[in-house]
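Taking it in order: structure first as structure tokens, then the write-up.
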Number of protein chains: 2
Amino acid sequence: MSEGVEWGLHCCLVLAWLDDLAPLPVGRLAEAFDLPPEYLKKQLQPLAKAGILRSEAGARGGYRLDRTPETISLMDVVTAIEGGTDPFQCTEIRKRGAGRAGAPEEFAHPCGISTAMRRAELAWRRELANQTLADLIANTPATAERRTRRFIERTA
Amino acid sequence: MSEGVEWGLHCCLVLAWLDDLAPLPVGRLAEAFDLPPEYLKKQLQPLAKAGILRSEAGARGGYRLDRTPETISLMDVVTAIEGGTDPFQCTEIRKRGAGRAGAPEEFAHPCGISTAMRRAELAWRRELANQTLADLIANTPATAERRTRRFIERTA
DNA sequence: GCGAGACTACTCGGATATATTTTGTCCGAGTTCTCAGGG
DNA sequence: CCCTGAGAACTCGGACAAAATATATCCGAGTAGTCTCGC
């Protein structure tokens with residue numbers, strides 16, 4: 001899984017904390033976590049495209065949350081950055097080689113292996129969808145929020 | 001996720017079906033699914049190293065299951081091929097940049113984002129661990145097993 | 001005819017190239033702020 | 001003093017390289033089968 005997911009989640013958390021200071025340019029966020037600014041920007045762009053962040057161009061521009069933290073699930077962020085494709089890709093190799101001669105009705109049901117993997121992924125997705133940005137805020141020490149706020153205000 | 005997982009699972013299923021014909025050389029398995037033999041071998045090697053398959057060298061050699069299908073979970077296969085590393089890697093960026101000045105006690109608890117992602121992965125792992133190779137056999141049409149058996153015996 | 005020994009064919013295991021994805025960088029379009037000039 | 005307008009600075013967005021990983025291939029070590037030669 002891309003490290004962009006970690007970056008994106010942390011940035012969303014900061015943007016939720018500091019919504020009153022929004023919009024925040026990517027450079028500030030990059031400084032807050034000591035990340036390469038240009039690459040971080042590339043990672044946040046799909047979040048804007050997905051309607052999680054809203055981008056504002058020009059001076060005093062930057063990114064801000066486009067929804068309330070309660071309506072942004074971890075699944076939303078992961079899907080936006082990683083893309084909607086399933087981690088496990090079934091290429092239907094059962095139909096190749098020896099399976100070439102199989103009757104069509106035999107393949108009416110999806111591949112058992114694919115089904116099993118899909119089930120596991122579904123459990124993963126369910127957990128991610130049940131956790132929102134607001135939950136992350138609740139489970140993060142307030143000292144971190146205050147320190148980040150001071151950091152951003154100081155470099156403003 | 002690597003396609004080797006799909007290949008490995010299908011090959012394990014075949015080896016479970018055709019245990020009486022074992023050991024099966026990689027070339028046969030590759031023909032059964034129309035896969036590149038050399039690369040498939042590379043994918044099965046970690047399964048042998050993990051104690052899921054047993055390799056036998058020399059003529060009439062090949063791979064066979066090293067345990068009963070009931071004791072081989074999908075988690076075992078996935079872990080062997082993909083490696084034990086978590087899909088989501090926490091690099092503790094909270095401690096960098098603005099977090100540099102944080103008090104040590106603040107970092108006593110693990111990162112909330114990491115915890116949330118870990119929880120989702122745990123659900124994923126639990127589902128994979130609950131499904132064994134024997135379950136896959138039960139959920140696969142017997143016609144597929146018979147056809148594969150004939151295919152292997154014909155090219156023997 | 002039977003047994004021993006060397007040879008050949010076949011298999012896995014690890015080391016070596018190629019392709020693709022991920023990671024990182026750069027330049028251009030657009031917007032806002034600033035500042036100078038005129039009314 | 002206020003308004004207008006041009007300029008400059010800053011931001012995002014997408015196109016362009018470099019590095020890392022996944023994909024694919026090749027060669028060497030070892031083992032079982034086979035064939036030949038001797039008894």
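All chains are named by letter (A, B, ...) in the order of the sequence lines, taking the proteins before the strands, and each is independently numbered beginning at 1. Keep in mind that the numbers below use all heavy atoms, side chains included, and drop hydrogens, waters and symmetry copies.
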query = After noting the C-alpha distance and the side-chain angles of B:Thr132 and B:Glu70, does the key distance pass the side chain to side chain donor-acceptor pair (under 3.5 Å) rule?
reply = CA-CA 6 Å; B:Thr132 71; B:Glu70 289 81 9; over 6 Å; no
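Donor-acceptor pairing under 3.5 Å, judged by distance alone, is present between the side chain of A:Lys41 and the base of D:dG13. Side-chain atoms of B:Gln45 and base atoms of C:dC12 include no donor and acceptor less than 3.5 Å apart. Counting distance only, with no hydrogens placed and no angle test, the side-chain atoms of A:Lys42 and the base atoms of C:dG24 include a donor-acceptor pair under 3.5 Å.
Closest approach to the A:Tyr39 side chain among C:dG24, C:dT32, D:dA24 is made by C:dG24 (side chain taken as heavy atoms from C-beta onward). Distances from the side chain of B:Val26 to the nucleotides C:dC12, D:dC12, D:dT23 place C:dC12 closest. Checking C:dT23, C:dT31, D:dT25 against every side-chain atom of A:Ser2, the shortest atom distance belongs to C:dT23. Comparing atom distances between the B:Glu3 side chain and each of D:dT11, D:dA24, C:dG13 picks out D:dA24 as nearest. Distances were taken from every side-chain heavy atom of A:Trp7 (C-beta onward) to each of C:dG24, C:dC27, D:dT25; the shortest belongs to C:dG24.
Checked by atom type and distance alone, the side chain of B:Asp76 pairs as donor or acceptor with a backbone atom of B:Ser73 at under 3.5 Å.
One finds a side-chain N or O of A:Tyr63 lying less than 4.0 angstrom from the OP1 or OP2 phosphate oxygen of D:dG13. For the OP1/OP2 pair of C:dT11 and a distance below 4.0 Å, the side-chain nitrogens and oxygens of B:Ser55 include no atom meeting the criterion.
Rounded to an integer number of Å, the gap from CD of A:Gln43 to P of C:dT21 is 16 Å. As rounded to whole Å, 17 Å separates atom P of D:dA18 from atom CD of A:Glu38. What separates CG of B:Leu40 from C1' of D:dT23 is a distance of 13 Å, to the nearest Å. Per the geometry, CG belonging to A:Leu35 stands 10 Å off P belonging to C:dG24, to the nearest Å. Atoms NZ (B:Lys49) and P (C:dG13) sit 9 Å apart, rounded to a whole Å. Distance, B:Gln89 CD to C:dT22 P: 16 Å, rounded to whole Å. The CZ-P distance, from A:Arg28 to D:dC10, rounds to 11 Å in whole Å.
Cluster membership check: B:Phe107 does not share its hydrophobic cluster with B:Ile113, using side-chain heavy-atom separations under 4.5 Å among Ile, Leu, Val, Met, Phe, Trp and Tyr.
For CZ of B:Arg67, the number of neighbouring non-hydrogen atoms (other residues, nucleotides, ligands) closer than 6.0 Å is greater than 12.
One finds a salt bridge joining B:Arg125 and B:Asp86 here, because a Lys/Arg side-chain nitrogen approaches an Asp/Glu carboxylate oxygen to under 4.0 Å.
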